[in-house]
Amino acid sequence: MLIHSASQLVTLAGGPRRGADMNRLEIIADGAMLMEAGRIAAVGESAALLARYPRAERLDARGRVVMPGLVDPHTHLVWAGDRAAEFEMRLQGKSYMEIMAAGGGIAATVRATRQASRDELLAQTRQRARRMLAHGTTTVEAKTGYGLDLASELAQLEVLLALDEEGPLEIAPTFMGAHAVAPEFNGDAQAFTDHICAVMLPAVRDWWQQNAAARALPFVDVFSEKGVFDLEQTRQILLAARALGFPLKLHVDEFENIGAASLAAELGAVSADHLVKTSPRDIEALARSDTVAVSLPCTPFGLGQHEYTPAQQIIAAGGMLALATDLNPGPAWCENMQFVLALACRAMRLTPAEALCAATINAAAAVRRDGLVGSLEAGKQADALVLQSGDFRDLAYRFGVNQVQTVIKKGEVVYNAPII
């Protein structure tokens, strides 16, 4: 199929970007793209490709933007229940950590998720996945972490693999048994850390090799934060995971700075995420590394906070910045990456081009899939969007409505918005 007559074919060719290079989108005016067998076969100007491939099935973009599918590199997609009551508590002045200490927060979702059947968990997660796809996300990272015991953590991995198999949304799974201290350990973070290292990580690897041997091992993530897992416990878990062959991710600097961003860079983590309280020293460490700095602006927005990721400092230092929703049942129940772009431009002063780069090719790097998705280049997977607008800046300029007209996954149209 040949998509043609795009006002802007936003290719983002050339790989992940750092610094000022994030404004380089490599746009082809009046562009076209040929897709064949789920891959991109050619990109170029419409006149040239229409003449070169006269027999190809055609999709007329009609002067709209054609761009890569959005990549969401940090979500907690799989859970049961909701936390609407907690939203009211936050409005009454309770902090995130106070709600957790009172048995709310992650612990509340753990209870609901443990009690849900596999079919209930699959059905609820599938609904969220479909909403993400309809808003233009074609690849998503998704974490466990709402079980905190081996059986329910494996059940979440099973749901993620089932949804990935169903498609069309493509899922990169993460094991996050270290999302909070399991209730059975009565707040003893060190005992739970030892349990994760000695029992859970080896069991997850064995289960994965039996059930998903054709796939790379999932990422392993840790909530490194005062009151959850301290820096040495984080190091212990990550080193144990790395020794077993797992790639690493890390929650850092959401509420306090304990040096975890520098640890992520030191240990070669694929990404360090949240990054609200990140120090200049940590920013420099990230900039010198290949660890992607993933900002989650929906989280401070959802918490009613005014402090966001120091994105300008990360870009100025030469860091590789990405954006994600942090989709979760607490402060950030948001399946819409378009809103993330709009929020990042306003709260962190990104340009629309920087935001788009951070939500596509850089986000793909944060899940180690930048060689496959995140840009429109010959040989890559044919994941693309046709917007309802002729200007990519509208993704950040306009907000509150879905601006995606058509979603294409692996060369197939998988979603068409109703014409209003």
Side-chain angles (χ1 to χ4, degrees), residues 1 3 6 10 33 35 38 59-62 64-79 82 121-142 159-160 162-173 296-298 301-302 323-329 332-344 355-356 358-360 363-364 367 369 373-374 376 381-392 394-420:
M1 181 164 63
I3 305 177
V10 184
M33 179 175 72
M35 301 178 293
L59 192 160
D60 189 347
R62 300 181 183 275
R64 299 185 177 99
V65 172
V66 174
M67 57 169 278
L70 296 167
V71 178
D72 190 342
H74 182 124
T75 81
H76 300 264
L77 176 65
V78 53
W79 78 79
D82 66 56
L121 197 55
L122 181 62
Q124 291 184 41
T125 306
R126 183 187 289 117
Q127 290 179 341
R128 293 186 283 270
R130 289 177 174 173
R131 285 192 288 269
M132 297 183 88
L133 185 80
H135 286 87
T137 297
T138 53
T139 301
V140 61
E141 182 267 5
V159 165
L160 293 175
L163 280 176
D164 185 63
E165 183 68 23
E166 281 183 19
L169 184 66
E170 196 166 354
I171 297 174
L296 314 173
C298 287
F301 174 83
L323 292 171
T325 59
D326 193 23
L327 169 65
N328 69 70
W333 193 326
C334 175
E335 294 100 335
N336 185 359
M337 278 289 285
Q338 298 173 46
F339 177 70
V340 175
L341 271 71
L343 184 57
L356 185 56
T360 52
V367 291
R369 300 199 180 190
V373 299
L376 303 181
Q381 196 164 279
D383 294 3
L385 310 177
V386 182
L387 302 185
Q388 297 186 17
S389 163
D391 189 330
F392 80 88
D394 283 344
L395 277 176
Y397 168 51
R398 300 170 59 187
F399 59 95
V401 295
N402 188 359
Q403 298 184 63
V404 170
Q405 178 61 50
T406 302
V407 179
I408 295 165
K409 182 68 179 177
K410 298 180 181 178
E412 300 289 336
V413 174
V414 296
Y415 174 81
N416 263 318
I419 303 296
I420 298 176

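Treat the numbers as computed from the prediction; the structure is a model and nothing was measured.
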Handout entry: Full working for side-chain contact (heavy atoms from CB on, under 4.5 Å) between L163 and T125
Key = CA-CA 8 Å; L163 280 176; T125 306; 3.3 Å; yes
Practice task
For residues P297 and V340, report the shortest heavy-atom separation together with the two atoms involved.
Solution key: CG-CG1, 3.8 Å
Exercise for the section: Grab the two heavy atoms, one from K410 and one from D383, that are nearest each other, plus how far apart they are. Expected result: N-OD1, 3.0 Å
Practice task
Could you tell me which non-hydrogen atom of L296 sits nearest to which non-hydrogen atom of A324, and how far apart they are?
Solution key: CD2-CB, 3.4 Å
Exercise for the section: Step by step, work out the side-chain contact (heavy atoms from CB on, under 4.5 Å) result for M67 and L395. Expected result: CA-CA 11 Å; M67 57 169 278; L395 277 176; 3.5 Å; yes
Handout entry: Non-hydrogen side-chain atoms of D82 and W333 separated by less than 4.5 Å
Key = yes
Exercise for the section: Run through D72, V140, D164 and flag the one making a side-chain contact (heavy atoms from CB on, under 4.5 Å) with L169. Expected result: V140
Completion exercise
Output for pair (M132 CE, T325 OG1), nearest 0.5 Å, gives 4.5 Å
Completion exercise
Between the CZ atom in R369 and the CD atom in E170, the distance rounded to the nearest 0.5 Å is 5.0 Å
Exercise for the section: Keeping the roles fixed (side chain from N402, backbone from A134), state whether a donor-acceptor pair exists under 3.5 Å. Expected result: yes
Exercise for the section: Report yes if the side chains of L70 and T360 come closer than 4.5 Å at any heavy-atom pair, otherwise no. Expected result: yes
Fill in the blank from the handout: The reported gap from NZ in K409 to CG in L133 (rounded to nearest 0.5 angstrom) is 8.5 Å
Problem - D326 side chain near H76 side chain, heavy-atom distance below 4.5 Å - result: yes
Practice task
Report the distance from atom CZ of R130 to atom CD of E166, rounding to the nearest 0.5 Å.
Solution key: 7.0 Å
Problem - Main-chain N/O of E141 paired with T75 side-chain donor or acceptor, under 3.5 Å - result: yes
Handout entry: Donor-acceptor contact present, side-chain Q338 to main-chain F399, <3.5 Å
Key = no
Exercise for the section: Compare every heavy atom of Q405 with every heavy atom of Q388, then report the nearest pair and how far apart it is. Expected result: CG-OE1, 3.5 Å
Exercise for the section: With the side chain counted from C-beta on, respond yes when L59 and V413 share a heavy-atom pair under 4.5 Å apart, and no when they do not. Expected result: yes
Handout entry: Contact check, side chains of M337 and L327, non-hydrogen atoms, under 4.5 Å
Key = no
Handout entry: Min side-chain heavy-atom separation H135-F339 under 4.5 Å
Key = no
Handout entry: Closest contact, heavy atoms only, A6 versus V66
Key = CB-CG2, 3.6 Å
Exercise for the section: Go through the steps to decide whether L341 and L356 satisfy the test side-chain contact (heavy atoms from CB on, under 4.5 Å), and finish with yes or no. Expected result: CA-CA 7 Å; L341 271 71; L356 185 56; 4.2 Å; yes
Practice task
Would you indicate whether the side-chain heavy atoms of I408 and I3 approach each other to under 4.5 Å?
Solution key: yes
Problem - Flag if over 12 foreign heavy atoms under 6.0 Å of OH, Y415 - result: yes
Handout entry: L77 to A142 - nearest heavy-atom pair and separation
Key = CB-CB, 3.8 Å
Problem - More than 12 heavy atoms of other groups within 6.0 Å of E412 CD - result: no
Problem - Value rounded to 0.5 Å, distance of CG in L121 from CH2 in W79 - result: 10.5 Å
Exercise for the section: Drop me the distance from L387's CG to D394's CG, to the nearest 0.5 angstrom. Expected result: 8.5 Å
Handout entry: Residue pair M33 / M1, side-chain heavy-atom distance below 4.5 Å
Key = no
